[in-house]
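The figures that follow rest on heavy atoms only: side chains count, while hydrogens, waters and symmetry mates do not. Since the model is a prediction, treat every value here as computed from it, not as a measurement.
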Amino acid sequence: MQPVYIEELGRHVGEEVLLQGWLFNKRSSGKVRFVIVRDGTGLVQGVVTPEAEADTFDLAERLPQESSLKMWGTVRADPRAPGGYELSVKKIEPVHIPKDPFPIGLKEHGVGFLMDRRHLWIRMRRQVPLLRIRDSVLWAIRQFFRERGFVATEAPVLVGTAVEGTTTLFPLDYFGRTAYLSQSGQLYLEATCMALGKVYWIGPVFRAEKSKTRRHLTEFWMAEAEVAFLEHEGNLQLQEDLVRYIVEFVVEDRRRELEALERDPEVLLSQVKGPFARVTYAEAVEIVRSHGVEMEHGDDFGAPAEDALSAHFGRPVFVERFPKGIKPFYMKRAPDDPSLALCADLIAPEGYGEIIGGSQRVDTEEELLEQLSEYELPREPYEWYIDLRRYGSVPHSGFGLGVERTVAWIAGTRHIRETIPFPRLLDRLYP
RNA sequence: UCCCCGGUAGCUCAACUGGCAGAGCAGCCGGCUGUUAACCGGCGGGUUGGAGGUUCGAGUCCUCCCCGGGGAGCCA
């Protein structure tokens, strides 16, 4: 008999099926025993009575949590069952029976305990839907870019120089030289877009920043795009289209998982329905101050400032035209005010923070050399990057979207450590 | 790096002003023919993070260290 997955049970009502999975939980009421089985696509309740074959009734009592098993039975629609379907069990065959009790129970646990057992925690109730939503977000990004004719490409992860200064880089030995784990693929995408026109990549990036907050990982995934001949305004439109596409895709694709996490899909849809809010940096500072958060003109936005902005608008908001000094060297200056950068950060609603940073890039050799020296960066490691301005330079723009923060926002989970299977944090490298 | 909170049974926590270290869950044994993190009865389970100090007496007070959590800065 061909095995089926729990998410397909609706198509097999009345039929006998084979499920393969793990024992999530069990209950007993004497002569009726209930086994809750999970298989990665969902949970289903099996009902076992003494009429079942061989020692199946006995197994339903004896098997410990997370035993792996095969289970045969007839699918029945039953409103009493979570998920709407249950299985009248004919036979259970254990695949592996754990000798020790599964460390993670169904009751509450502390974060430290769970993080030490992340390899097992990911089997549990909230984690499975969360990781399925992550998958959906990544698919949405790929599908969006493919529909628009972008070429998926790659940037190196091992790099010889910093993108934006060395303090936040992880160094490593590279045959006697120092290499670093990349903190962004952007500079390389700028080169690639001059070859392929419109490009994107999704990959891991690394920040050695000693951040200890719910919004930071030392290893996280970025979806970065870079487009030749695209200017600031078009860049913002592209980002807005992407974010709206992701939300609508995930709501359609993973509604069940969102509901399992008690995330209301309608709230998400309403947040991205209309045009995103847009303010300049200067306006944003005033809004932040009017919400009682102190900041000076010229400061970058801290977490309380971002939260104030996100509360003020209740939908995604672009903050445009930051002072040049608090943004990196590769951003183009605004033609009408050289003290500002042609850039924008996108702040997610509900306090999930900055999910996109983007800009139009410097596109002349003169301006780039000027900015390198202004930022006191050495010229040699950037020769290849300067070359891009020497051979058919064009206006171009791009951005990077933080995958985990986007997943956290969409799934409504407060801490981003749960949005990636094995988060890397300041003091956490295991498992 | 800085600020705040915490570390007691396998897990989550309690233990008044310093006075016999406890409960729920998990485990094991038994009961129950529709359970929903099932329920009911019973049993076992402790170097109170570590070192030192104060005290007749320390889980509780003091000092140092270790570990974890939350937040800040920086960023996505």
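A donor-acceptor contact under 3.5 Å is formed by the side chain of Arg76(A) with the base of rG34(B). Side chain Ser211(A) to base rC75(B): no donor-acceptor pair is found below 3.5 Å. Contact of Arg405(A) with rC75(B) (side chain to base): a donor-acceptor pair of N or O atoms is detected under 3.5 Å. Checked by distance alone, Ser28(A) brings a side-chain donor or acceptor within 3.5 Å of a matching partner on the base of rC32(B). Below the 3.5 angstrom threshold, one finds a donor paired with an acceptor across the side chain of Glu86(A) and the base of rG34(B). A donor-acceptor contact under 3.5 Å links the side chain of His216(A) to the base of rC75(B).
Contact check on Glu350(A) versus Arg263(A) returns a salt bridge, with a Lys/Arg side-chain nitrogen under 4.0 Å from an Asp/Glu carboxylate oxygen. Comment: Glu404(A) does not engage Arg417(A) in a salt bridge, judged by the lack of any side-chain N to carboxylate O separation of less than 4.0 angstrom.
Here the nucleotide nearest the side chain of Arg207(A), chosen from rU12(B), rA76(B), rA37(B), is rA76(B). Counting only heavy atoms from C-beta on, Asn25(A) has its side chain closest to rA37(B) among rU33(B), rA37(B), rU1(B). Comparing atom distances between the Ala303(A) side chain and each of rG34(B), rC74(B), rA72(B) picks out rA72(B) as nearest. Ranking rG73(B), rA76(B), rU33(B) by closeness to the Ile416(A) side chain, first place goes to rA76(B). Closest to the Asp300(A) side chain, of the nucleotides rC75(B), rU1(B), rU33(B), is rC75(B). Distance from the side chain of Phe113(A) is smallest to rU12(B) among rU35(B), rU12(B), rG34(B). The Ser29(A) side chain lies nearest to rG34(B) when the options are rG34(B), rU1(B), rA72(B).
The distance between atom NZ of Lys212(A) and atom C1' of rC74(B), rounded to the nearest whole Å, is 16 Å. Between the C1' atom of rU35(B) and the CD atom of Glu61(A) lies a distance of 13 Å, rounded to the nearest Å. Spacing between atom OH of Tyr430(A) and atom C1' of rC67(B) amounts to 16 Å, rounded to whole angstrom units. As a whole-Å value, the separation of Ile36(A) CD1 from rG34(B) C1' is 11 Å. For the pair Phe34(A) CZ and rC39(B) P, the interatomic distance rounds to 14 Å; values are reported in whole Å. Distance CG (Leu346(A)) to C1' (rC75(B)): 15 Å, rounded to an integer number of Å. Asp58(A) has its CG atom 11 Å from the P atom of rG30(B), to the nearest Å.
Using a 4.0 Å cut-off, some side-chain N or O of Arg214(A) falls inside it from OP1 or OP2 of rG71(B). For His415(A) and rG70(B), the shortest distance from a side-chain N or O to OP1 or OP2 is below 4.0 Å. Between Arg62(A) and the phosphate of rC29(B), there is no side-chain N or O to OP1/OP2 separation shorter than 4.0 Å. Residue Lys107(A) places none of its side-chain N or O atoms closer than 4.0 Å to OP1 or OP2 of rU12(B). Regarding contacts with the backbone of rG70(B), a side-chain N or O of Arg417(A) is found under 4.0 angstrom from either OP1 or OP2.
Using a 4.0 Å heavy-atom criterion, one finds that Gly353(A) contacts no nucleic acid atom at all. Base contact: Leu217(A) has a heavy atom under 4.0 Å from a base atom. The residue Arg428(A) sits close only to the backbone: its heavy atoms come under 4.0 Å of sugar-phosphate atoms, none of a base. Across all strands shown, Gln65(A) has no heavy atoms under 4.0 Å from either base or sugar-phosphate atoms. Using a 4.0 Å heavy-atom distance criterion, Gly302(A) is classed as a sugar-phosphate-only contact. At the heavy-atom level, Glu306(A) lies under 4.0 Å from base atoms of the strands shown.
Between rG6(B) and rC13(B), the distance separating the two P atoms is 13 Å to the nearest Å. With both ends at atom C1', the span from rA72(B) to rC11(B) equals 32 Å, rounded to whole Å. On the C1' atoms, rG27(B) is 9 Å away from rG45(B), given to the nearest whole Å. Separation of the C1' atoms belonging to rU48(B) and rG30(B) is 33 Å when rounded to the nearest angstrom. Rounded to a whole angstrom, the distance from the P atom of rG73(B) to that of rA9(B) is 36 Å. Nucleotides rG22(B) and rC64(B) are separated by 31 Å at their C1' atoms, to the nearest Å. Between rG49(B) and rC67(B), the distance separating the two C1' atoms is 7 Å to the nearest Å. Taking the P atom of each, rG68(B) and rC25(B) are spaced 31 Å apart, rounded to whole Å.
The main-chain N or O of Pro275(A) is found under 3.5 Å from a side-chain atom of Arg315(A) such that the two form a donor-acceptor pair. Judged by distance alone, the side chain of Glu286(A) and the main-chain N or O of Glu283(A) form no donor-acceptor pair under 3.5 Å.
Aromatic ring pairs are classed by plane angle as parallel below 30°, tilted from 30° to 60° and perpendicular above 60°; the pair Tyr281(A) and Phe322(A) is tilted.
Residue Phe220(A) and nucleotide rA76(B) are classified as a stacked aromatic pair, their ring centres being separated by less than 5.5 Å at an interplanar angle below 30°.
Using a 3.5 Å distance cut-off with no hydrogens or angles, the side chains of Glu224(A) and Ser184(A) do pair a donor with an acceptor. Residues Gln20(A) and Lys70(A) have side chains that bring a donor and an acceptor to within less than 3.5 angstrom of each other. Residues Arg132(A) and Thr41(A) bring no donor and acceptor atom of their side chains to less than 3.5 Å of each other. When only modelled atom types and interatomic distance are considered, His396(A) and Glu231(A) share no side-chain donor-acceptor pair under 3.5 Å.
Residues His109(A) and Arg27(A) both approach RNA chain B. Their nearest nucleotides, taken by heavy-atom distance, put His109(A) toward the 5′ side.
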